[in-house]
K.L.:
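One structure coming up, written as structure tokens, with questions to follow.
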Amino acid sequence: MQARREKLRRLQDMGVNPYPHVFHRTHKAAEIKSNFDIFENKEVAIAGRLMAIRRMGKASFAHVEDSSGRIQIYVRLDEVGEQSYEIFKLSDIGDIIGLVGRVVKTRTGEITVQVMQYTLLAKTLRPIPVVKEKIEGDKRIVYDAFSDKEMRYRQRYLDLIVNPHVRDVFVKRTRIISSMREFLNQRGFLEVETPILQPLYGGATARPFTTHHNTLDMTLYLRIANELYLKRLIVGGFDAVYEFAKDFRNEGMDRFHNPEFTMMELYVAYEDYYYMMDLVEQMFCKIAEDLYGGYEIIYQGQKIDLTPPWPRVPLFEAIEKETGFDLFGKNLDELRAIAGKLHIEWDESWGEGKLIDEIFSEKVEPTLIQPTFIIDYPISLSPLAKKHRDKPGLVERFEPFIAGREMGNAFTELNDPIDQRQRFLAQLELRARGDDEAQPLDEDFLRALEYGMPPTTGLGVGIDRLVMLFTDQPSIRDVIFFPQMRPEQYKL
RNA sequence: GAGGGUGUAGCUCAGCCUGGUAGAGCAGCGGCCUUUUAAGCCGUUGGUCGAAGGUUCGAUUCCUUCCACCCUCACCA
């Protein structure tokens, strides 16, 4: 709106700099509001964005919002003088202002800063959506919420200005990650960084993004996982390493998938997947405790109790319990017949592992609301996991499920280089049959294993989904600041 | 990739079925108001109705195509 440019010019004519360099704050809104007895009648300097204005001629109320929250201000002509009151009158909702004032309580009991000096810190040229709210008892009624999802995601800055609960989600995201770091650092883990640009991708089954390096004139891939690099570091002698990694997968997008996402992988030498299950329980509990002070959380209306120990249910037992069918040792035809009886559509190209996985995700996964470890998966689904110590055909692998969702993936890692080579060769066969997600053979990784990797356990946790769980958000786009979007046609 | 839905003022929406070129609230602008809080009262500006084409005397409304977004499903973490 060009009325704002006009105001800007009038301010400049008055000799006001609409974009000064600095403003020294002494306090934030929330501090003042929660310690009124200390601040009463004291002078404070605060700054923030004007979010509501109620003008009444020669005196006005407004709300200023800073990173901590909102506080009411009271501006009187006789208190700030002609010039400042004029500047205030030229202010719009959205303008960034600074002020010095006295902390008081109004007739209705609201803690308010009575302004003595009023300074414009940044004039807005675009109007921000005005969201009004009314508090009725405990209920907060929001009027004209800024709710268009496309705009919220494309212009996240606006979303953050206008929707305070969005800010809260992202603050929690950072706190979750720091809790995990703290947890791991306390246990002596080393945080490391490994390549994002990889000459060969691996460590997961997915299609990669491809790019090109000019000087080397070669194809490089954006990593789909960092597993093989972290294991090389275990070979190198580190006892426990972890990395928060941006991974990239060239697949579809929906409320659980973004092309780039954050994964935390960790590896521990001389331990197995039983150790890792204990670690996962403890880590999730620490996050819950740091965030909410207890082990109980609510996700989409479901109460979830993270108190350990979580049940550890073998995959085949879990399937049998839900469907009545024991899939263990069944061949392809038998599995297809069972899938048919369970009304699950399957594809000719699927192998045994894929069918089992499908039956599991259709029939069992949605039932796993309370934290559960599903353990011991078929070998064919897990080319990097070590064979089970007593169950032939299976590997020592587990996935924690919470609220019907897989929250991670862990194994006792395969450290036998000959077995690992055979598994890679099996993947190559799948690839030859047209499975473009099968993993390529990584000769250097095999060489590393041939130098000897200690017994090791490893874990991967999808951070975005973890944050969804702990912040009660239904879509991955609500926990990533700038989710992937088709580019908009630029219009001003 | 398949199905369903949505697109009208800066924001939230009505109007469309039953064609006659647009309305409300908030925001904005002007006025009154020195304890208001979804402030109030009076006045007022603002929209090539997602884009293109078709039917029609006439399309925001009916038809076709396209674009964008949302939801569900499929692939995947």
Side-chain angles (χ1 to χ4, degrees), chain A residues 1-4 6-7 51-63 70-80 85 89 92-94 104-110 112 114 124-136 140-155 158 162-163 203-207 224-225 245 247-265 345-347 349-350 354 357-358 361-362 399 405-409 435-437 460-466 468 474-477 485-489 491:
Chain A
M1 290 211 167
Q2 301 317 310
R4 303 216 175 181
E6 176 54 29
K7 287 184 184 174
M51 296 301 285
I53 305 175
R54 295 177 290 282
R55 296 182 213 274
M56 298 168 302
K58 300 190 179 68
S60 304
F61 287 93
H63 272 99
R70 271 181 198 205
I71 192 164
Q72 178 167 264
I73 63 167
Y74 182 39
V75 191
R76 292 166 58 125
L77 173 63
D78 57 11
E79 194 105 18
V80 297
Y85 202 74
K89 285 208 307 209
D92 288 294
I93 289 177
V104 299
K105 240 182 205 171
T106 62
R107 200 149 60 191
T108 55
E110 180 162 355
T112 299
Q114 182 149 353
T124 50
L125 294 181
R126 284 177 188 270
I128 66 168
V130 177
V131 179
K132 300 215 169 190
E133 60 181 51
K134 183 181 185 177
I135 314 284
E136 255 179 21
R140 194 167 137 268
I141 306 165
V142 177
Y143 296 85
D144 302 335
F146 177 63
S147 56
D148 183 286
K149 283 189 182 166
E150 182 180 2
M151 265 195 288
R152 286 187 43 222
Y153 297 146
R154 284 195 196 281
Q155 296 179 254
L158 258 192
V162 164
N163 296 323
T205 49
R207 286 195 295 271
I224 58 172
D247 290 346
F248 306 83
R249 297 187 185 175
N250 209 337
E251 317 260 4
M253 291 154 59
D254 59 30
R255 69 196 171 101
F256 301 110
H257 300 87
N258 196 62
E260 63 179 282
F261 63 101
T262 305
M263 178 102 105
M264 196 282 295
E265 290 198 35
E345 290 177 34
W346 47 268
D347 190 276
S349 70
W350 294 0
K354 174 71 193 163
D357 192 42
E358 192 61 25
S361 24
E362 276 296 313
E399 297 188 325
R405 304 266 173 61
E406 179 193 337
M407 299 307 301
N409 187 16
D435 182 350
D436 57 356
E437 290 189 342
V461 176
I463 295 300
D464 309 285
R465 292 179 178 185
L466 184 77
M468 285 165 67
S475 170
I476 197 168
R477 291 182 154 183
M485 303 283 279
R486 206 182 294 264
E488 63 184 324
Q489 316 92 310
K491 49 177 192 278

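Throughout, a chain's letter reflects where its sequence line sits, starting with A, and its residues are numbered from 1. Hydrogens, waters and symmetry mates are skipped; everything else that's a heavy atom, side chains included, is used.
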K.L.:
If you look at every strand shown and take non-hydrogen atoms under 4.0 Å, does A:T205 touch a base, only sugar-phosphate, or nothing?
P.N.:
sugar-phosphate
K.L.:
Flag the pair A:K58 and A:D78 as a salt bridge only when some basic side-chain nitrogen lies within less than 4.0 angstrom of an acidic carboxylate oxygen.
P.N.:
no
K.L.:
Answer with base, sugar-phosphate or nothing: what part of the nucleic acid does A:K354 contact at a heavy-atom distance below 4.0 Å?
P.N.:
sugar-phosphate
K.L.:
What does B:U55 pair with, Watson-Crick or G-U, if both distances are under 3.5 Å?
P.N.:
none
K.L.:
Contact class for A:E79 vs. all strands (heavy atom < 4.0 Å): base, sugar-phosphate, or nothing?
P.N.:
nothing
K.L.:
When the distance from CD1 of A:I73 to P of B:U36 is rounded to whole Å, what number comes out?
P.N.:
17 Å
K.L.:
Identify the heavy atoms of A:Y85 and A:L77 that sit nearest to each other, and give their distance.
P.N.:
CB-CD1, 3.6 Å
K.L.:
What is the nucleic acid contact for A:D78, judged by heavy atoms within less than 4.0 Å: base, sugar-phosphate only, or nothing?
P.N.:
base
K.L.:
The side chain of A:M485 is closest to which nucleotide in this list: B:C11, B:C26, B:C69?
P.N.:
B:C69
K.L.:
Under a 3.5 Å threshold, yes or no: a donor from one side chain and an acceptor from the other, between A:S60 and A:Y74?
P.N.:
no
K.L.:
Of the nucleotides B:C11, B:U34, B:A27, which has the atom closest to the A:M56 side chain?
P.N.:
B:U34
K.L.:
Over all strands shown, is A:D357 touching base, sugar-phosphate only, or nothing at heavy-atom distances under 4.0 angstrom?
P.N.:
nothing
K.L.:
Indicate whether OP1 or OP2 belonging to B:C32 is found under 4.0 Å from a side-chain N or O atom of A:K58.
P.N.:
no
K.L.:
Who does B:C49 pair with, Watson-Crick or G-U, both distances under 3.5 Å?
P.N.:
none
K.L.:
Does the distance from a Lys or Arg side-chain N to an Asp or Glu carboxylate O, for A:E251 and A:R207, drop under 4.0 Å?
P.N.:
yes
K.L.:
The side chain of A:S147 is closest to which nucleotide in this list: B:C29, B:U12, B:C69?
P.N.:
B:U12
K.L.:
Quick one: look up who B:G7 pairs with, Watson-Crick or G-U, both distances under 3.5 Å, and put none if it's unpaired.
P.N.:
B:C67
K.L.:
Whole-Å distance between B:G7 C1' and A:E150 CD?
P.N.:
10 Å
K.L.:
Check this one for me: any side-chain N or O of A:R55 less than 4.0 Å away from OP1 or OP2 of B:G40?
P.N.:
no
K.L.:
Report which part of the nucleic acid A:M151 touches: base, sugar-phosphate, or nothing (heavy-atom distance under 4.0 Å, all strands).
P.N.:
sugar-phosphate
K.L.:
Give the nucleotide from the list B:U34, B:C11, B:G28 with an atom nearest to the side chain of A:D92.
P.N.:
B:G28
K.L.:
Figure out the CZ/P separation between A:R70 and B:A38, and round it to whole Å.
P.N.:
12 Å
K.L.:
Which one, B:G10, B:U36, B:C69, comes nearest to the side chain of A:P127?
P.N.:
B:G10
K.L.:
Name the pairing partner of B:U12, where a pair is Watson-Crick or G-U wobble with both distances under 3.5 Å, or state none.
P.N.:
B:A24
K.L.:
Between A:R107 and B:U35, does any side-chain N or O lie under 4.0 Å from OP1 or OP2?
P.N.:
no
K.L.:
Which nucleotide sits closest to the side chain of A:P129: B:U34, B:C75, B:C11?
P.N.:
B:C11
K.L.:
It should be established whether A:R255 places a side-chain nitrogen or oxygen under 4.0 Å from OP1 or OP2 of nucleotide B:C70.
P.N.:
no
K.L.:
Taking the minimum atom-to-atom distance to the side chain of A:I93, which one of B:U36, B:A74, B:A27 wins?
P.N.:
B:A27
K.L.:
Choosing from B:U35, B:A38, B:A74, which nucleotide comes nearest the side chain of A:K134?
P.N.:
B:A38
K.L.:
Suppose we screen for side-chain contact (heavy atoms from CB on, under 4.5 Å). Which residues come up paired with A:N163, at least two apart in sequence or across chains?
P.N.:
A:F146, A:R152, A:D159, A:H165, A:V166
K.L.:
Under 4.0 Å: is that the gap between some side-chain N or O of A:K132 and OP1 or OP2 of B:A27?
P.N.:
yes
K.L.:
Among B:A74, B:U36, B:G28, which nucleotide has an atom closest to any side-chain atom of A:F61?
P.N.:
B:U36
K.L.:
Of the listed nucleotides (B:U36, B:C29, B:C26), which one gets closest to any side-chain atom of A:A3?
P.N.:
B:C29
K.L.:
Which one is paired to B:C32, where only Watson-Crick or G-U wobble pairs with both distances under 3.5 angstrom count?
P.N.:
B:G40
K.L.:
Look at all strands and tell whether A:G57 reaches a base, only sugar-phosphate, or nothing, counting heavy atoms closer than 4.0 Å.
P.N.:
base
K.L.:
Heavy atoms under 4.0 Å, any strand shown: does A:D148 hit a base, just sugar-phosphate, or nothing?
P.N.:
sugar-phosphate
K.L.:
Using Watson-Crick or G-U wobble geometry with both distances below 3.5 Å, tell me the partner of B:A2, or none.
P.N.:
B:U72
